[in-house]
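What follows is one structure encoded as structure tokens, with my remarks underneath.
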Amino acid sequence: MPKSIFVANALPDDAMRLIPAGVEIDYNATDTPLSKAELIRRLKGKDGLICHITTTVDDEVLASPGLKAVANVAVGFNNIDVAAARRRGIIVTNTPDVLTETTADFAWALLMAAARRVVEADHYARSGAWTAWKWDLLWGHDVHGKTLGVVGFGRIGRAVARRARGFDMRVLYHDTVRPDPTVERELNATAVDLETLLRQSDFVSLHTLLSPDTRHLVGERTLRMMKPTAILINAARGPVVDEAALVRALTEGWIAAAGLDVFEEEPTIHPGLLTLRNVVLAPHIASASGETRVAMATLAVRNCLAVLEGRPPLTPVQ
Ligand code: DGY
């Protein structure tokens with residue numbers, strides 16, 4: 001029997017070309033997520049599924065007879081019921097490493113943009129309101145020499161911490177797992193509890209996975225611990241932040257500003273955020289450079305093919 005793959009969302013041609021001619025492909029070459037019924041119908045009898053984070057892969061979807069692999073084109077995998085997949089003997093893979101630096105670049109871009117009010121400055125410059133150089137126009141916050149708090153010190157959190165070195169920043173981090181001491185030394189990073197991090201940091205950058213433990217990790221209680229001059233960055237997952245509480249924090253001055261790439265109910269953004277000037281918003285694009293998106297798709301295809309060919313996948317979700 002030839003192997004078969006359902007590719008549930010559009011992938012770059014470079015990645016699709018890796019699938020050998022002998023493998024049957026059903027391809028939804030769009031970005032529009034399929035309904036669950038359609039997903040189940042088209043997955044029927046397939047050995048592998050390659051999908052984006054917009055495809056929800058729950059136990060019902062995983063019940064597809066013969067399914068062996070689900071290759072997510074993302075490092076995050078909260079769209080997949082990994083425990084159910086494990087019970088069913090289905091291998092789940094993700095795309096770590098290839099997007100680390102690109103995602104960290106974007107988190108840093110949000111940090112800089114929020115601190116130095118780049119988006120407001122752009123709107124002002126285009127608006128025609130700029131009639132003369134002004135001493136007190138659009139004052140922001142310095143980044144260099146400040147304290148960065150990284151919540152979630154995995155690959156991306158560490159890559160963000162590395163960028164902070166170039167800005168002579170003090171780095172605090174919070175994670176449930178302590179890295180090798182050489183990593184701490186190399187990044188000049190100090191492990192602290194979450195409360196200390198929130199109370200002492202000028203910038204708080206979130207890089208945790210979404211799990212029941214991290215849902216609304218940043219909410220009213222924790223936002224109130226932050227400095228009134230602090231800036232929150234979220235390039236992890238939207239539900240890590242309670243958006244309603246964040247809107248109050250930004251409106252009432254509990255914190256100074258935020259830079260957000262991810263939201264609780266994507267693609268819907270809390271209406272309170274849309275009207276605030278002290279927040280920079282992006283449509284979940286932290287890993288979206290051409291090079292990185294192709295690398296992610298390529299890795300996902302390689303992972304899926306490996307499982308189908310009986311080889312260990314390159315980057316399984318453990
Ligand atoms: C990821 O990889 O998890 C991103 O959020 C989607 O590209």
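Order of appearance sets the numbers: ligands from 1, and atoms from 1 within every ligand.
- Using a cutoff of 4.0 Å between basic side-chain nitrogens and carboxylate oxygens, Asp14 and Arg17 are scored as salt-bridged.
- For the pair Val73/Leu11, a side-chain contact is recorded, criterion being any heavy-atom separation below 4.5 Å from C-beta on.
- For the pair Met169 and Val143, the minimum side-chain heavy-atom distance is below 4.5 Å.
- The ring-ring contact (aromatic ring centres under 6.0 Å, His included) analysis of residues 148-168, with sequence neighbours excluded, yields the pairs Trp108-Phe167, Phe153-Tyr173.
- For the side-chain contact (heavy atoms from CB on, under 4.5 Å) with His207, the qualifying choice from Val151, Thr103, Ile156 is Ile156, the only one to do so.
- On a distance-only criterion, Leu99 and ligand 1 share no N/O pair closer than 3.5 Å.
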Kindly list each side-chain donor-acceptor pair under 3.5 angstrom involving residues 280-288, sequence neighbours excluded, with atom names and distances?
residue : atom : partner : partner atom : Å
His284  : ND1  : Glu266  : OE1          : 2.8
His284  : ND1  : Glu266  : OE2          : 3.3
Ser287  : OG   : Arg293  : NE           : 3.1
Ser287  : OG   : Arg293  : NH2          : 2.9

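- For ligand 1 and His284, the ligand atoms under 4.0 Å from any heavy atom of the residue are 4 (C), 5 (O), 6 (C).
- Checked against a 3.5 angstrom limit, the closest N/O atoms of Thr95 and ligand 1 fall outside it.
- Near Ala74, with a cut-off below 4.0 Å to any heavy atom, the atoms of ligand 1 are 1 (C), 2 (O), 3 (O).
- Close approach of ligand 1 to Met296 (heavy-atom distance below 4.0 Å) involves ligand atoms 2 (O), 7 (O).
- Among all protein heavy atoms, the one lying closest to atom 7 (O) of ligand 1 is Ser287 OG, 2.9 Å.
- Proximity to Arg237 (heavy-atom distance under 4.0 Å) selects the following atoms of ligand 1: 1 (C), 3 (O), 4 (C), 5 (O).
- Comment: Lys146 does not engage Asp168 in a salt bridge, judged by the lack of any side-chain N to carboxylate O separation of less than 4.0 angstrom.
- Residue-ligand proximity: His52 is placed with every non-hydrogen atom at 4.0 Å or more from ligand 1.
- Ranking the protein heavy atoms by distance from atom 2 (O) of ligand 1 puts Val75 N, 2.7 Å first.
- Close approach of ligand 1 to Arg293 (heavy-atom distance below 4.0 Å) involves ligand atoms 7 (O).
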